[in-house]
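Okay, structure first, notes after.
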Number of protein chains: 2
Amino acid sequence: MITNMEKIKTLLKEKGIKPTFQRLKILEYLSNNLNNHPTVEMVYEKLLNDIPTLSLTTVYNTLNNFLEKRLVFGVTITGTEVRYDFNTDYHHHFLCKKCGQIIDIDLKCAYAEGEKSIISGHRIDEIHGYFKGICKACSKNVGKKPKSRSSS
Amino acid sequence: MITNMEKIKTLLKEKGIKPTFQRLKILEYLSNNLNNHPTVEMVYEKLLNDIPTLSLTTVYNTLNNFLEKRLVFGVTITGTEVRYDFNTDYHHHFLCKKCGQIIDIDLKCAYAEGEKSIISGHRIDEIHGYFKGICKACSKNVGKKPKSRSSS
DNA sequence: TTCTACCTTGTAATGATTGTAATATTAGAA
DNA sequence: TTCTAATATTACAATCATTACAAGGTAGAA
Ligand SMILES: [Mn+2]
Ligand SMILES: [Mn+2]
Ligand SMILES: [Zn+2]
Ligand SMILES: [Zn+2]
């Protein structure tokens, strides 16, 4: 992914953010993990391999910087920590209460698609649609215990 | 609100929760603060007047109990703490980034109204619609700063 | 090179929430 | 009523994500 790195660098410059090594690697990681919706800790742990001197504070500072510049989107569906999303197009999220997976959801709805920028007189800057329940895969496995004498 | 207290007691019994004094007062407080969306701390501080021995742990335990029994709804729009909502009908929330107020939002949309219990094969148990921006009142006051012409 | 602005880092502090163990209250049996 | 087991409340410690702070590092302008 060498060409990709150039795109990442351009993205940072466009937002007026100095493309330091740490910032490049963090944004690259997010761009390669679109459906993980990683936590700060996940970003930190993974990048420690490439950057052994990396500080957790830097990851926090950098991600907050990205959030302010709207380079990434913060997903707070779990309620306990921020998950980061490189995909800033309007889309929503589903959290499986069983396996913890966060899945992208695309809805056909004027509000969901962010077409309304004013609601009841309030100026809307961000829309978060959070759905919680049991995912498709976990639903199928109801009652299926590890061993099991499965299917016909 | 003496008659109201009987309704509160009935609500608890219906959910199989023993109507202890603490629980009654906590649920009563929430029912009287439908548009505050109070924090644990707010509930605790306010009730300390009536119950000087009240423990913060009890407030946490009780509210978690109410959440499990779906007697109240947890709103995590701020990302830093849970706000409690006695109103469990499907409705959504707006957070003003300037004044911090949380305002109820009613949308006309199949998803927003919770009519779809399955989306993309996932079973939906909870829907949270969070809108963030600048509220009507704060929008009007743009530029109307007391004295100074401060920066950001 | 030297200066200056900005980055990165390590560590301490904060704040919301949970865990734990002791004490108190309650409902039901005797 | 009295006793007893189950449940509730309390005080306090621990956890975890996040922020604050202070010190050292880096790159480019002059
Ligand atoms: Mn996403
Ligand atoms: Mn509400
Ligand atoms: Zn699942
Ligand atoms: Zn406002």
Side-chain angles (χ1 to χ4, degrees), chain A residues 8-9 12-13 15-29 36-69 71-85 95 100 102, chain B residues 8-9 12-13 15-29 37-69 71-72 74-85 95 100 102:
Chain A
I8 299 292
K9 189 175 256 177
L12 285 174
K13 284 180 180 167
K15 294 285 185 173
I17 302 171
K18 264 193 215 165
T20 67
F21 185 59
Q22 287 83 342
R23 289 166 175 173
L24 282 166
K25 296 300 279 183
I26 291 171
L27 193 54
E28 183 197 33
Y29 177 77
N36 283 29
H37 302 95
T39 63
V40 168
E41 202 63 32
M42 287 161 78
V43 175
Y44 175 66
E45 288 297 339
K46 196 56 184 295
L47 291 184
L48 265 188
N49 299 326
D50 298 321
I51 320 170
T53 62
L54 184 65
S55 156
L56 185 57
T57 305
T58 296
V59 182
Y60 271 104
N61 289 340
T62 300
L63 289 172
N64 280 337
N65 190 356
F66 290 175
L67 280 180
E68 279 163 26
K69 304 288 174 31
L71 203 51
V72 302
F73 193 75
V75 176
T76 56
I77 192 170
T78 67
T80 60
E81 86 259 292
V82 183
R83 311 291 295 245
Y84 294 87
D85 199 341
L95 171 70
I102 296 175
Chain B
I8 300 292
K9 189 175 258 179
L12 285 173
K13 283 180 181 166
K15 295 285 185 172
I17 302 171
K18 267 191 215 167
T20 67
F21 185 59
Q22 288 84 341
R23 289 166 175 173
L24 283 166
K25 297 299 278 184
I26 291 172
L27 193 55
E28 183 197 32
Y29 177 77
H37 302 97
T39 62
V40 168
E41 201 63 32
M42 287 160 78
V43 176
Y44 175 66
E45 289 298 338
K46 196 55 183 296
L47 291 184
L48 264 188
N49 299 326
D50 298 321
I51 319 168
T53 62
L54 182 65
S55 156
L56 185 56
T57 305
T58 297
V59 182
Y60 272 103
N61 289 341
T62 301
L63 290 173
N64 281 337
N65 190 356
F66 290 176
L67 280 180
E68 278 162 28
K69 304 289 175 25
L71 203 52
V72 301
V75 176
T76 55
I77 193 170
T78 68
T80 59
E81 87 261 289
V82 183
R83 312 290 295 247
Y84 294 88
D85 199 339
L95 171 70
I102 295 174

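The sequence lines fix the lettering, A, B, ..., with proteins before strands; numbering per chain opens at 1.
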Inset, instruction - Please confirm whether the backbone N or O of A:Lys15 pairs with a side-chain atom of A:Lys69, one donor and one acceptor, at under 3.5 Å? - result: no
Inset, instruction - Would you indicate what B:Thr58 reaches in the nucleic acid, counting non-hydrogen atoms under 4.0 angstrom: base, sugar-phosphate, or nothing? - result: base
Inset, instruction - Measure the distance from CD on B:Glu68 to P on C:dT18 and round it to the nearest whole Å. - result: 10 Å
Inset, instruction - Identify which nucleotide among D:dT9, D:dT10, C:dT9 has an atom closest to any side-chain atom of B:Leu54, counting heavy atoms from C-beta outward. - result: D:dT10
Inset, instruction - Calculate the interatomic distance between B:Arg23 atom CZ and D:dT10 atom C1'; express it in whole Å. - result: 14 Å
Inset, instruction - Assign B:Thr39 to base, sugar-phosphate, or nothing according to its heavy-atom contacts below 4.0 angstrom with the strands shown. - result: nothing
Inset, instruction - Starting at the 5' end of nucleotides 13-24 of chain D, put B wherever the base has a protein heavy atom under 4.0 Å, S where only the sugar-phosphate does, and a dash everywhere else. - result: ----SBBB----
Legend entry - Whole-Å gap separating P (C:dA16) and OH (B:Tyr44): 13 Å
Inset, instruction - Enter the inter-axis angle for the ends of the helix from C:dT1-D:dA30 to C:dA30-D:dT1 (five pairs per end, rounded to 10°). - result: 10°
Inset, instruction - Please tell me if the side chains of A:Phe21 and A:Lys25 come closer than 4.5 Å, counting only heavy atoms from C-beta onward. - result: yes
Inset, instruction - Side-chain contact test, heavy atoms from C-beta onward, threshold under 4.5 Å: evaluate it for B:Thr78 versus A:Thr76 and give yes or no. - result: no
Legend entry - Whole angstrom value for the distance that separates P of C:dA16 from CZ of B:Arg83: 11 Å
Inset, instruction - Using a 4.5 Å cut-off on heavy atoms from C-beta on, say whether the side chain of B:Leu56 contacts that of B:Val40. - result: yes
Inset, instruction - Measure from CD1 on B:Ile26 to C1' on D:dT10 and round the result to the nearest Å. - result: 13 Å
Inset, instruction - Using atom CG of A:Asn65 as one end and atom P of C:dC7 as the other, report the distance to the nearest whole Å. - result: 8 Å
Inset, instruction - Give the rounded distance in Å between these two atoms: CD1 of B:Ile17 and C1' of C:dT26. - result: 17 Å
Legend entry - For atom CG of B:Leu12 and atom P of D:dT7, their distance in whole Å: 17 Å
Inset, instruction - Side-chain contact test, heavy atoms from C-beta onward, threshold under 4.5 Å: evaluate it for A:Leu71 versus A:Asn65 and give yes or no. - result: no
Legend entry - Side-chain touch B:Leu12/B:Thr20, heavy atoms, less than 4.5 angstrom: no
Inset, instruction - Choose from D:dT9, C:dT8, D:dA8 the nucleotide whose nearest atom is closest to any side-chain atom of B:Lys18. - result: D:dA8
Legend entry - Nearest non-hydrogen partners of A:Tyr44 and A:Leu54, listed with the distance: CE1-O, 3.4 Å
Inset, instruction - Report yes if some heavy atom in the side chain of A:Leu47 is under 4.5 Å from a heavy atom in the side chain of A:Asp50; otherwise report no. - result: yes
Legend entry - Phosphate OP1/OP2 of D:dT10 contacted by B:Gln22 side-chain N/O (<4.0 Å): yes
Inset, instruction - Check whether any side-chain heavy atom of B:Arg23 sits under 4.5 Å from a side-chain heavy atom of B:Thr58, and report yes or no. - result: no
